[in-house]
Amino acid sequence: EAVLAGTSTVSSIPQLRRLALGARLDESLFGLLLDPKARETLRGVLLDQYFTQEARVLLLGQSRVNVKAYRYSEALLESARAGMACEAVPQEEAEAPVRDQGFRRAVVTAYEHRCGFCGIRMVTPDGHTAVEAAHIVPWSVSHNDSPRNGIGLCRLCHWTFDEGLLTLSGDYAIRTSPQLSQEPNLPAHLASLAGRRLLGPSDQRLWPDPAAVEWHRRQAFRGR
């Protein structure tokens with residue numbers, strides 16, 4: 001505690017982790033935070049005290065999107081586990097930022113921040129991840145945000161998959177397009193992915209829908 005008390009500024013999460021083992025809320029404050037009205041009051045005080053009017057509007061708007069996106073992602077996961085197609089988007093949740101953020105969270109959660117193709121998992125101390133959510137059948141075609149119409153992929157594998165240079169076989173083995181290694185391409189580790197099995201979710205109910213995989217193989221994959 002002497003080191004922490006003698007530190008004038010904590011400027012990063014790694015520095016905070018080095019200095020402190022944890023934190024504890026004051027019991028009376030914790031009691032207030034359990035009350036929705038008290039939380040709303042505290043939120044308002046903090047926003048009024050530390051942010052401009054313009055920033056307050058943006059923060060409140062983003063917080064509403066975050067809450068809706070979280071609920072949407074939970075609904076997507078629950079529906080997938082129950083074996084539902086989840087093709088229709090609830091009207092109140094249909095705004096694009098909510099849908100995009102909710103789908104991403106559902107898929108990245110299912111894949112535990114790991115790329116299903118190359119296996120990379122990179123998460124920063126403040127929660128940024130290298131993995132994105134790739135639609136197997138594009139939203140513009142399917143309007144389907146089910147996690148079973150998605151794969152958790154790093155940015156390079158995501159782009160390569162969307163371009164049809166990578167796909168999956170019927171038994172979830174990775175297939176590479178002949179175009180991947182054509183001049184002037186230097187595919188590096190992407191070429192070594194051929195034949196590897198998808199590193200799918202631990203929950204088998206969240207693995208890609210075979211019909212969606214077949215669509216990608218037939219309609220998007222550059223097989224020649």
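- Atom OG1 of Thr160 is separated from atom CG of Leu180 by 7.0 Å, given to the nearest 0.5 angstrom.
- When side chains are defined from C-beta on, Leu77 counts as touching Leu206, because their heavy atoms get closer than 4.5 Å.
- In this structure, Leu59 and Leu47 approach most closely via the heavy-atom pair CD1-CD2, 3.7 Å.
- Under a 3.5 Å cut-off, the side chain of Ser177 and the backbone N or O of Arg222 do form a donor-acceptor pair.
- Glu78 pairs by the side chain to side chain donor-acceptor pair (under 3.5 Å) definition with nothing, not counting sequence neighbours.
- Tyr111 places a side-chain heavy atom less than 4.5 Å from the side chain of Leu198.
- With a 4.5 Å cut-off on side-chain heavy atoms, Glu163 and Gln179 do not count as touching.
- For the atom pair OG (Ser169) and CD (Glu214), the distance works out to 11.5 Å, reported to the nearest 0.5 Å.
- Taking CG from Leu193 and SG from Cys115, the interatomic distance works out to 8.0 Å, rounded to the nearest 0.5 Å.
- Val108 forms part of a hydrophobic cluster together with Val131, judged by ILVMFWY side-chain heavy-atom separations under 4.5 Å.
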Go through it in stages, so that I can follow the logic: the residues are Cys157 and Leu190, the test is side-chain contact (heavy atoms from CB on, under 4.5 Å), and I'd like the CA-CA distance, side-chain angles, deciding distance and then a yes or no. CA-CA 8 Å; Cys157 288; Leu190 292 175; 4.1 Å; yes
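- When all heavy atoms of Gly116 and Leu153 are compared, the closest pair comes out as N-CD2, 4.1 Å.
- Atom CZ of Arg155 has 12 or fewer neighbouring heavy atoms from other residues, nucleotides or ligands inside a 6.0 Å radius.
- Sorted by first and then second residue, the salt bridge (Lys or Arg N to Asp or Glu O under 4.0 Å) pairs with a member in residues 177-192 form an empty list; sequence neighbours excluded.
- A donor-acceptor pair under 3.5 Å is absent between the side-chain atoms of Ser79 and the main chain of Leu76, judged by distance alone.
- Within the structure, no pair that satisfies the side-chain hydrogen bond (donor to acceptor under 3.5 Å, both in side chains) test touches residues 186-198, not counting sequence neighbours.
- Listed by first and then second residue, the salt bridge (Lys or Arg N to Asp or Glu O under 4.0 Å) pairs that reach into residues 100-125 are Glu74-Arg105, sequence neighbours excluded.
- In the displayed structure, Glu27 atom CD is contacted under 6.0 Å by at most 12 heavy atoms of other residues, nucleotides or ligands.
- In the hydrophobic cluster analysis, where Ile, Leu, Val, Met, Phe, Trp and Tyr join through side-chain heavy atoms closer than 4.5 angstrom, Val98 is grouped apart from Val57.
- Under the ring-ring contact (aromatic ring centres under 6.0 Å, His included) criterion, His158 pairs with no residue, sequence neighbours left out.
- In this structure, Phe221 CZ and Leu165 CG are separated by 8.0 Å, a value rounded to the nearest 0.5 Å.
- Counting heavy atoms from C-beta outward, Leu33 and Leu42 have side chains that approach closer than 4.5 Å.
- For Glu132 (side chain) and Gly152 (main-chain N/O), no donor-acceptor pair under 3.5 Å exists by modelled atom type.
- For Tyr172, the ring-ring contact (aromatic ring centres under 6.0 Å, His included) partners at least two apart in sequence or on another chain are Trp207.
- Looking at Asp162 and His135, their side chains never bring a donor and an acceptor atom within 3.5 Å of each other.
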Test Ile174 against Leu168 for side-chain contact (heavy atoms from CB on, under 4.5 Å), laying out the working first. CA-CA 5 Å; Ile174 299 171; Leu168 291 171; 4.0 Å; yes
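- No more than 12 heavy atoms of other residues, nucleotides or ligands sit less than 6.0 Å from atom CG of Leu186.
- Under a 4.5 Å side-chain heavy-atom cut-off, the cluster of Ile, Leu, Val, Met, Phe, Trp and Tyr residues that includes Val141 is completed by Val137, Trp215.
- Grouping Ile, Leu, Val, Met, Phe, Trp and Tyr by side-chain contacts under 4.5 Å, direct or through others, leaves Leu58 on its own.
- Looking only at side-chain heavy atoms (C-beta outward), Leu32 and Thr41 stay at 4.5 Å or farther from each other.
- Nearest heavy atoms, Gly195 versus Ala173: O-CB, 4.1 Å.
- By the ring-ring contact (aromatic ring centres under 6.0 Å, His included) test, Phe161 pairs with Phe117, His216, sequence neighbours left out.
- No side-chain donor-acceptor contact under 3.5 Å links Arg205 to the backbone of Ala80.
- With hydrogens and angles disregarded, a donor-acceptor distance shorter than 3.5 Å links the side chain of Asn144 to the backbone of Ser146.
- In terms of the side chain to side chain contact (heavy atoms under 4.5 Å, CB included) criterion, residue partners of Ser12 (sequence neighbours excluded) are, by chain and number, Pro14, Gln15.
- Atom CD of Glu54 is surrounded by 12 or fewer heavy atoms from other residues, nucleotides or ligands within 6.0 Å.
- Of all non-hydrogen atoms in Phe103 and Ala133, the two that sit nearest each other are CE2-CB, 3.6 Å.
- Among residue pairs with one or both ends in residues 55-64, those qualifying as salt bridge (Lys or Arg N to Asp or Glu O under 4.0 Å) are Asp48-Arg56; sequence neighbours excluded.
- When the side chains of ILVMFWY residues are joined at heavy-atom separations under 4.5 Å, either directly or via intervening members, Ile151 and Val213 end up in a single hydrophobic cluster.
- Shortest non-hydrogen contact noted between Ile120 and Cys154 is CG2-CB, 3.7 Å.
- One hydrophobic cluster, built from ILVMFWY side chains closer than 4.5 Å, holds both Leu29 and Tyr50.
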